[in-house]
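Report on one structure; see the data block that follows.
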Amino acid sequence: METKYIFVTGGVASSLGKGIISSSIAKLLQARGYNVTIQKFDPYININAGLLNANEHGECYVTTDGHEADLDLGHYERFLGVEMTKQNNITTGRIYQSVINKERREEYRGKTVQVVPHITNEIKMNMTALGNKFHYDFVVTEIGGTVGDIESLPYIECVRQLKWELGKNALSVHLTYVPYLAAAGEMKTKPTQHSVQKLQSLGVQPDILVLRAEQDVDDDMRRKVALFCNVDADAVIQSIDVPTIYQVPINLLNQNMDKIILRKMGLPVDDKEPALDDWRAFLKRRQEAKAVVKIALVGKYELQDAYKSIMESLSQAATYNDSKLKLEFVYSENLNAENTADILSKYQGILLGPGFGQHGVDGIYLAAKYARENDVPTLGIQLGMQCMAVEFARNVIGYADANVKEHNPETQHNVIDLMEENKVMTSMDGTMRLGSFECVLRKGSRTEKIFGKETVSGRHRHRYELNNAFVKDFEKAGMQCVGVNPETHLVEIVEIPGLRWYIGVQFHPEYESSVLNPHPLFLSFIKESLSSK
């Protein structure tokens, strides 16, 4: 069949959940047997999400091919269980960079380069690239930002053009907000009407409306919205607050979202339910879980979205351990020698979070020391693993000045340092190890038993590595380097066998944990944490 394109736009306000709606639509179509992918077009000028401030933008998600992407790609992978690539996240910066490069190569033959048609043609080419190259049945495209934003206008224009060019092979889903005004005691549809009117003024008529609301949107209100927005009454779908984002596909299914899409795109519709048995079993297990596992996420960023994939991975692992996750954030800047024990003593497990730069690392060192000395199950990720190593070097091996070379260039014990080949590079991208790399596990190690195999892979996003010059010192003192990259011999995983569960990984396991395929490290970490207190 010809590739079908579904465009998801948002109105009224940001943060309504376009990524979750896009993921849920894709999940329903995938469950019906279609080959589906999702992509996001972000209106910011940055080339990618790599240099965006985590405290402002949230997590930078890394794909298997090393692309630094928007955090919504994490939702896409967790829902679909399908790996995303660089092509699944395009920014305005990449679009303009490509057009400018073509202009410099004289590909436009001296013509004046303009937003229309040159920028819009570049966007359209990227919007259809996945379908043309990989022949997906459906490509769901999330348009970042809100309708009416100046930055989003070229993308909306491309949606208009593609709807005209592709006919029934293109469909528009518009997500809006229906607020409840307590003073009036009622919900208001005017923001939705104005949002749709703005979209229509740009030449795009939505085929399906999704109404985001805190309360139930009754049938009369939905009919009113349909009438004033020129949308079929049965194509006005509500998305109300639910206990977990993983309930959203079921809510859309109960309102026939998948059938409406198929009907509007000229595809056969049958009464057969999508294959969501495993998904429903996950939700049932989550709902019926009785035990509670209390985990501290010690991190240097105050914005919780900076750890979005970690949060979801822990939550999934708790469900598969028949427990409910009680995750609390511990801002590392607030930890000091006097309060660390009091703050951390109430948790069953401690996760030392990733990050960049020196800010906040002293608190992570204190958390690592407390966890090690008190035998608390602990998982360190990227910077968390590096802090484990530095703390161990200082307080066990006896190197008082041990440090990350970036944080103290004068240290004589640079246990965390740049790879030799990267020391001559100057660009931020050039010094990064990005994407998936192999890791060989030491036979008989705790980590090898957790994975159940000797060779694994993990996605990386970092510059600094554990310095191989100190590996013998670490191992002699009790911290074993049990995971190593077979090509570079760089250390990927450390553990202390003498402790019940103390593991640090240089890569990001949270990028490879999905609803139906949770990562073994998180499963094991939660299991051990449940039995710790």
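Just the heavy atoms: all of them, side chains too, but no hydrogens, waters or symmetry mates, feed the values below.
Taking K369 as the reference, E373 meet the salt bridge (charged side-chain N to carboxylate O under 4.0 Å, His left out) condition, with sequence neighbours excluded. For S524, the side-chain hydrogen bond (donor to acceptor under 3.5 Å, both in side chains) criterion is met by W501, not counting sequence neighbours. A search for side-chain hydrogen bond (donor to acceptor under 3.5 Å, both in side chains) contacts involving E312 returns Y246, not counting sequence neighbours. Listed by chain and residue number, nothing satisfies the salt bridge (charged side-chain N to carboxylate O under 4.0 Å, His left out) test with D277 (two or more places apart in sequence, or in another chain). In this structure, the side-chain hydrogen bond (donor to acceptor under 3.5 Å, both in side chains) partners of T141, at least two apart in sequence or on a different chain, are Q39. With sequence neighbours excluded, the residues that form a side-chain hydrogen bond (donor to acceptor under 3.5 Å, both in side chains) with N88 are T37, T85. Residues satisfying the ring pair (Phe, Tyr, Trp, His ring centres under 6.0 Å) test with Y511, not counting sequence neighbours, are Y61, H508. Residues satisfying the salt bridge (charged side-chain N to carboxylate O under 4.0 Å, His left out) criterion with R32, sequence neighbours excluded, are D258, D270. Shown here are the salt bridge (charged side-chain N to carboxylate O under 4.0 Å, His left out) partners of D362, two or more places apart in sequence or in another chain: there are none.
Counting heavy atoms from C-beta outward, V505 and L521 have side chains that approach closer than 4.5 Å. The shortest side-chain heavy-atom distance between V482 and V494 does not fall under the 4.5 Å cut-off. Inter-residue side-chain proximity for Y347 and S345 is flagged as unmet; no heavy-atom pair is nearer than 4.5 Å. By the 4.5 Å heavy-atom criterion applied to side chains, Y365 and N403 are counted as neighbours. Considering only heavy atoms from C-beta on, K324 stays 4.5 Å or farther from R286 through its side chain. Residues Y177 and L211 fail the side-chain proximity criterion, which asks for heavy atoms closer than 4.5 Å. Side-chain atoms of R372 and L499, non-hydrogen and from C-beta on, do get closer than 4.5 Å to each other. In this structure, N35 and F134 have side chains that are not in contact, with every pair of non-hydrogen atoms separated by 4.5 Å or more.
Contact record, Y502 with V376: CD1-O, 4.5 Å, taken as the closest heavy-atom pair. Nearest heavy-atom pair across G131 and Y5 is CA-OH, 3.5 Å. For the pair E83 and R459, the tightest heavy-atom approach, listed with the atom from each and the gap, is CG-NH2, 4.0 Å. What you find for V62 and G435 is that their closest heavy atoms are CG1-N, 3.9 Å. Here the closest heavy-atom approach between residue R94 and residue K86 is recorded as NH1-O, 3.0 Å. L71 approaches G58 most closely through the heavy-atom pair CD2-CA, 4.2 Å.
Of the residues listed (I208, V140, V210, L171), the one engaging V8 in a side-chain contact (heavy atoms from CB on, under 4.5 Å) is V140, and it is the only one. Test V390, V415, V471, L490 against L466 for side-chain contact (heavy atoms from CB on, under 4.5 Å) and you get one pass: V471.
Under the 30°/60° scheme for interplanar angles, the aromatic rings of Y331 and H359 are found to be tilted. By the 30° and 60° cut-offs, the orientation of the rings of F282 relative to Y320 is tilted.
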- Message: One pair to check against ring-ring contact (aromatic ring centres under 6.0 Å, His included): Y44 and H57. What are the steps and the verdict?
- Response: CA-CA 11 Å; Y44 49 76; H57 193 77; 5.4 Å; yes
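Counted by atom type alone, T63 and D65 present one or more donor-acceptor pairs between their side chains at under 3.5 Å. Side-chain contact annotation: Q316 with S513, donor-acceptor N/O pair under 3.5 Å present. At a cut-off of 3.5 Å, with distance as the only test, no side-chain donor of K284 or Q287 sits close to an acceptor on the other residue. Of the N and O atoms on the side chains of H519 and S313, not one donor lies less than 3.5 Å from an acceptor on the other residue.
Identified under the salt bridge (Lys or Arg N to Asp or Glu O under 4.0 Å) test for residues 129-143, with sequence neighbours left out: K40-E142. Every pair passing salt bridge (Lys or Arg N to Asp or Glu O under 4.0 Å) that includes a residue from residues 440-449 is listed here, sequence neighbours excluded: R442-E475.
Around NZ of K294, the count of heavy atoms belonging to other residues, nucleotides or ligands within 6.0 Å exceeds 12.
Note on R78 versus E512: no salt bridge recorded, every NZ/NE/NH1/NH2 to OD/OE distance being 4.0 Å or above. In summary, K300 and E333 do not engage in a salt bridge, as defined by a charged side-chain N under 4.0 Å from a carboxylate O. Using a 4.0 Å cut-off between charged side-chain N and carboxylate O, K290 and D322 make no salt bridge.
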Report, one line per pair, each donor and acceptor closer than 3.5 Å where one atom sits in a side chain of residues 15-23; sequence neighbours left out.
from, atom 1, to, atom 2, distance (Å)
K18, NZ, G145, O, 3.1
S22, OG, K18, O, 2.8
S23, OG, G19, O, 2.7

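How far CG of L73 is from OG of S309: 10.0 Å, rounded to the nearest 0.5 Å.
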